[in-house]
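Notes follow once the structure below has been shown.
FYI, side chains are in, hydrogens and waters are out, and symmetry mates aren't considered; it's all heavy atoms of this structure. Protein chains get the first letters and strands the later ones, always in sequence-line order, with residue 1 at the start of each. Predicted model only: the values in this text are computed from it and were never measured.
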Amino acid sequence: MTATFAPGECVAVAFHPGTGAAVVGEHGGTAAWPPGRADDEIARLERSAGPRWIWWGPDTARALVAAGVRPARCWDLDAVHRLLHGGWRSGPARVWAAANELDAAGIPTIAPVDLFHLESPDAGEGVVRADGHLDPGWVEGGWHADLECLSEWAELALQVQRAQDAALAELDRRPAAPATARAESAASLLCAELEHDGLPIEVPTAEAIIATYIGPRPTDATDEARLAAVRDELVLRHLPIGDIDLRNPANVKSLLRRAGIEVPDTRAWRLEQLRDRHPIIEALLAWRKAERIATTFGYRWLDEHVGPDGRLRGRWSSSDGAAGRMTATAGLHNLPAELRPAVVAESGRVFVRADLGQIEPRILAAVSGDESLIAATLDDDMYAPVAARLGVTRDIAKVAVLGAMYGQTTGQGAVALRGLESAYPTAMGYLDDAARRAEGGNDLRTRGGRRVPMSASTDSGNDDGPGREERSRAAARGRYGRNAMIQGAAAEFFKTWAVIVRARAATHGAQIVLCLHDELLVHAPGDAADAVRDIVDDGVQEARYRWSPGAGVRFVADTSVVSRWSDAK
DNA sequence: TGCGGCTATTG
DNA sequence: CACAATAGCCGCAG
């Protein structure tokens, strides 16, 4: 039997490669297919109805991408749960509990002994227990015991989606929250694709760059240790004293003391100012650079994370951390600039690279609604009008604005901060308000509706009242909360942009291969370069409208078409 | 073995 | 060295 689904209808899907797939539409249509047919039927439904697929979380997205299905629209219960409730903890049991207003502390777990005879859910009890929680056996794998279970799992997903929909609609003064939930869902799917596709790397080029720091690839562990000792010697020969481990900061301090140099720590920026005091400083800085490559971005890193197809792959999360930025492992978010020449588009393809200009101050203007600051965003360089208004240099204006968003209270920016307060009282008031609430341990919510929990982080352990410790912690919470409102909203804007680009670039055979907080790298067929470039640029304006309809803030992107990542900018 | 401190890299 | 992140090595407690 074949169920029909209306175009754009919400259709929950439970999918497991070994079991098959079950779908349940919001208007009651259902279908289920065994493993052999599931992939094709889902792809067919995607083409015919183009539903908004509802699924429990990233595992389903990964399974679909692995099966070759790349849906256009989705609703990721896990991603929306993290948006609504904050933090990183999620998973079906928590998502279900939150949607049904159950205490997460009451979530049942499987006793360890039961793990050994876990075949199918208890016959006596259904998926929803008497206390309202999901049966842990179902959560741990029972949901894909057979097609019948998949159908029930999909039906439950549909129920959670309705609850989330209602919760989003009730968010006070945040009309963009439902749009943010959709963007966050698509971003989660994008993460599954980023994991699958990887970032194109020219391995011989990467090896050549690594070799300039630490020489050719060691033949074995002994050789590796020998080469490391040779590097150590280049530093230690400047001050031949016994038993110094350069990897131990305390040892380095005493080494420098022999050269008559006393430092509170041995960070590079501090050592750089002491370059002319002793030649060992220069040698030590070079050693640090090489050590970094050897341990973190060397041959082992290449072997572990670059596949035989020349793609660098890491684990992606669509909304980790404080304010919901995307995160990635395997060095995808902190690749040293020196290695970027190794990021090369494949033959016949190009990179369309774009970054959002001055995204955080523009976001500040948008979320605060400060008319004067909004006016400043009309400039390509919004620090210029701010500097003119304050009567300071552009550099001072920039430091002051960034300092206001980070919570800086000392240094050069602090003086100009008073100027900001009188010139842009609405924007500064917005930041101060966020900081005050965070200091008091009150939860925050970003423009797009992401909850930033502060209450959980207020535990101060053993302290005797409001002493210096507690005041310092409160101040740290204030800076954290102040910044989370900006960084979090910027992350929402970025993801909205990214998923628009993802959808439109796909029709040209192009894929996003890197997301970097305010920067996109799209791997596109050479003859689609101009089209994708337009998609990226137009996408910024589309994102501005979707994320914040009606606001007069101008957002800008710097876009270029290159073969090598490092050729941009 | 796990965790905090230090260090380096990025936006 | 403000805000965020990942990741490596070291010393120290258990």
Side-chain angles (χ1 to χ4, degrees), chain A residues 88 213 228 232 244-253 263-273 284-298 300-301 304-305 312 314-340 343 355-361 363-364 398-414 417 431 434-435 438 444 446 450 452 472 475-491 493-494 514-521 558 565-566 569:
Chain A
W88 57 270
Y213 289 95
D232 291 2
I244 291 288
D245 180 2
L246 292 171
R247 292 153 195 85
N248 181 334
N251 282 15
V252 173
K253 263 197 226 178
V263 281
D265 62 66
T266 70
R267 289 181 169 87
W269 67 270
R270 207 184 286 283
L271 298 182
E272 267 155 26
Q273 294 161 342
L284 186 55
L285 286 168
W287 179 90
R288 282 265 174 84
K289 203 86 180 165
E291 180 73 0
R292 170 89 172 143
I293 295 290
T295 57
T296 309
F297 291 105
R300 191 175 302 112
W301 167 75
E304 269 177 39
H305 300 113
L312 170 62
R315 220 34 193 181
W316 285 82
S317 166
S318 63
S319 63
D320 246 8
R325 271 187 174 187
M326 292 171 83
T327 59
T329 64
L332 284 157
H333 274 177
N334 55 352
L335 197 71
E338 294 88 346
L339 276 164
R340 293 187 180 192
V343 180
D355 71 281
L356 300 169
Q358 304 172 339
I359 183 61
E360 292 194 336
I363 289 287
L364 171 59
K398 178 179 174 176
V399 167
V401 172
L402 292 174
M405 290 186 295
Y406 292 154
Q408 182 182 261
T409 53
T410 58
Q412 248 186 341
L417 199 64
L431 292 169
L444 306 175
T446 64
R450 179 174 302 278
V452 180
S472 152
R477 282 199 303 274
R479 290 195 301 273
Y480 174 98
R482 170 191 292 265
N483 183 250
M485 297 294 275
I486 303 304
Q487 192 189 102
F493 184 94
F494 173 79
L514 191 69
C515 291
L516 204 44
H517 310 312
D518 66 348
E519 180 174 355
L520 277 179
L521 200 61
D558 176 28
W565 189 18
S566 54
K569 261 185 178 170

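Using a 4.0 Å heavy-atom distance criterion, A:G407 is classed as making no nucleic acid contact. Using a 4.0 Å heavy-atom criterion, one finds that A:A328 contacts the sugar-phosphate atoms exclusively.
With sequence neighbours excluded, no residue satisfies side chain to side chain donor-acceptor pair (under 3.5 Å) with A:N334. Partners of A:E272 by salt bridge (Lys or Arg N to Asp or Glu O under 4.0 Å), not counting sequence neighbours: none found. By the ring pair (Phe, Tyr, Trp, His ring centres under 6.0 Å) test, A:F297 pairs with A:W301, sequence neighbours left out. When the side chain to side chain donor-acceptor pair (under 3.5 Å) test is applied to A:Q408, no partner is found at least two apart in sequence or on another chain.
The CE-P distance, from A:M405 to C:dA2, rounds to 15 Å in whole Å. For A:E304 and C:dG8, the CD to P distance is 8 Å, given to the nearest whole Å. As rounded to whole Å, 11 Å separates atom C1' of C:dC3 from atom CD1 of A:I486. Per the geometry, CG belonging to A:L364 stands 14 Å off C1' belonging to C:dC3, to the nearest Å.
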Under 4.0 Å protein heavy-atom contact, by nucleotide of nucleotides 5-11 of chain B - B base, S sugar-phosphate only: -SBBBSB

List, one per line, each side-chain donor-acceptor pair under 3.5 Å for residues 319-332 of chain A, sequence neighbours excluded.
from, atom 1, to, atom 2, distance (Å)
A:S319, OG, A:R82, NE, 3.1
A:S319, OG, A:R82, NH2, 2.9
A:D320, OD1, A:S317, OG, 3.4
A:D320, OD2, A:T327, OG1, 3.4
A:T329, OG1, A:R315, N, 2.8

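Where A:G331 and A:A323 meet DNA chain C, the nucleotide closest to each residue was compared, and A:A323 sits on the side nearer the 5' end.
Contact check, A:N483 against C:dA2: no side-chain N or O comes under 4.0 Å of OP1 or OP2.
The shortest non-hydrogen separation linking A:W565 to A:E519 is NE1-OE2, 2.9 Å.
Taking the side chain of A:A322 as heavy atoms from C-beta on, and the options C:dG8, C:dA4, C:dA7, the nearest nucleotide is C:dA4.
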